Amino acid sequence: MFPTFYKQWRHVFKLDPDREIHDEALEKVCLSGTDAILVGGSSGITFDNTVDLLSRIRRYELPCALELSDPSCGVPGFDGYFIPMVLNSKKQEWLIGHHVEAIRDFGRLIPWDSVIGEAYLVLNPDSTVARLTEADTDLSEGDSLAYAQLADRLWNVPVLYVEYSGTFGDMRLVRRIREGLQQAHLFYGGGIDGPGKAREAAEAAQTVVVGNLVYDDLDAALATVHAVKN
Ligand code: 1GP
């Protein structure tokens, strides 16, 4: 059985261990009414900065999960571990290679009961994650739908993450992707700059992820919680 705790999440803040957040801001984020904190980022993540952020978040009661793309940053003590696999990466290592190495080297330490496979569809070519993984973002609507259905129906991944990190995506496409899913739970993230876009994203996806806004405009970020959950 896969863990299913994330299925209740409508709104999530994603915090990056490599970015500074002051205690007062972190308190507001954790007491905002969001459903969970997802810890992750595309660069500069280390074991130490991940431990540090987790221990600060643990002062509060909300669930906290780690998006783990580098096994050397596998800090114990999170409520769950999302393992990203980039569907449209041109580099095999981001789809399956790193994962095989991690299981080979650390398999005996993996808490499988709290591990969730997370298939990413990366759609903003200018994002760090797209560059890092050499994602093929030049996709037709049909291509995107096919990637999503492959992950959902052929691979039975528990979570599909439509990632527009840094820019607001095409909500019509996101909605169509969701309509085509049979069992996967849909996360959307990218470019949410306030309650309006948060609401739009919430109409299209099951879980809305807000990242950069926490660091750029905290008040606007906090306002997205109510917009998504009500
Ligand atoms: C990033 O999807 C998240 O992985 C959130 O994106 O930072 O653009 O909000 P933003």
Side-chain angles (χ1 to χ4, degrees), residues 6 9-21 25-26 28-29 32 34-45 49-50 53 64-70 73 78 80-89 94 116-135 137 144 147-148 151 157 159-171 173-174 177-178 184-202 204-225 227-228:
Y6 56 86
W9 297 352
R10 285 288 282 147
H11 181 285
V12 169
F13 282 123
K14 191 186 277 194
L15 298 184
D16 184 339
D18 194 35
R19 295 180 79 172
E20 198 177 331
I21 182 164
L26 185 63
K28 286 182 179 168
V29 165
S32 64
T34 187
D35 293 307
I37 304 289
L38 198 50
V39 171
S42 298
S43 62
I45 314 293
N49 61 23
T50 305
L53 184 54
C64 183
L66 178 64
E67 252 184 353
L68 183 59
S69 36
D70 176 351
C73 303
F78 282 89
Y81 296 85
F82 290 90
I83 310 296
M85 300 165 278
V86 181
L87 294 167
N88 56 328
S89 173
W94 289 107
I116 303 122
E118 184 185 45
Y120 261 74
L121 188 58
V122 174
L123 294 175
N124 173 14
D126 298 323
S127 60
T128 307
V129 61
R131 281 194 290 269
L132 180 71
T133 63
E134 293 181 22
T137 58
S144 294
Y147 272 118
V157 293
V159 171
L160 176 73
Y161 192 132
V162 176
E163 172 68 290
Y164 278 92
S165 179
T167 192
F168 193 61
D170 175 351
M171 289 305 119
L173 174 63
V174 176
I177 286 174
R178 190 183 70 185
H185 181 94
L186 183 61
F187 281 26
Y188 168 80
I192 291 175
D193 61 4
K197 289 201 171 107
R199 202 170 294 118
E200 276 185 63
Q206 287 157 305
T207 300
V208 174
V209 183
V210 176
N212 279 315
L213 195 60
V214 171
Y215 302 93
D216 297 343
D217 184 345
L218 181 61
D219 287 338
L222 297 172
T224 64
V225 178
V228 167

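Please read all numbers here as calculations on a predicted model, not as lab measurements. Indexing begins at 1, ligand by ligand and atom by atom, following the structure's order.
- Below 4.0 Å from some heavy atom of Gly191 lie the following atoms of ligand 1, by number and element: 8 (O), 9 (O), 10 (P).
- Counting only heavy atoms from C-beta outward, the side chains of Tyr215 and Asp16 approach each other to under 4.5 Å.
- Contact check for Arg178 versus Tyr188: no side-chain heavy atoms found under the 4.5 Å cut-off.
- Residue contacts with ligand 1: Tyr161 is included, with a non-hydrogen atom under 4.0 Å away.
- Remark: minimum distance from atom 1 (C) of ligand 1 to any protein heavy atom is reached at Glu163 OE2, 3.4 Å.
- Between Val210 and the options Ile192, Val29, Val228, a side chain to side chain contact (heavy atoms under 4.5 Å, CB included) holds for only Ile192.
- Residue Tyr164 is tested with Asp170, Leu121, Thr137 for a side chain to side chain contact (heavy atoms under 4.5 Å, CB included); the sole match is Asp170.
- Here the side chains of Thr207 and Tyr6 are not in contact, with every heavy-atom distance at 4.5 Å or above.
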Passes ring-ring contact (aromatic ring centres under 6.0 Å, His included), Tyr161 versus Phe82? Steps please. CA-CA 11 Å; Tyr161 192 132; Phe82 290 90; 8.8 Å; no
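- Of all the atoms in ligand 1, the ones that sit under 4.0 Å from a non-hydrogen atom of Lys14 are 1 (C), 4 (O).
- Polar contact with ligand 1: present for Gly166 (N/O pair, distance under 3.5 Å).
- Within ligand 1, the atoms closer than 4.0 Å to a non-hydrogen atom of Asn212 are 7 (O), 8 (O), 9 (O), 10 (P), numbered from 1 in the order shown.
- Nearest non-hydrogen protein atom to atom 9 (O) of ligand 1 is Gly211 N, 3.0 Å.
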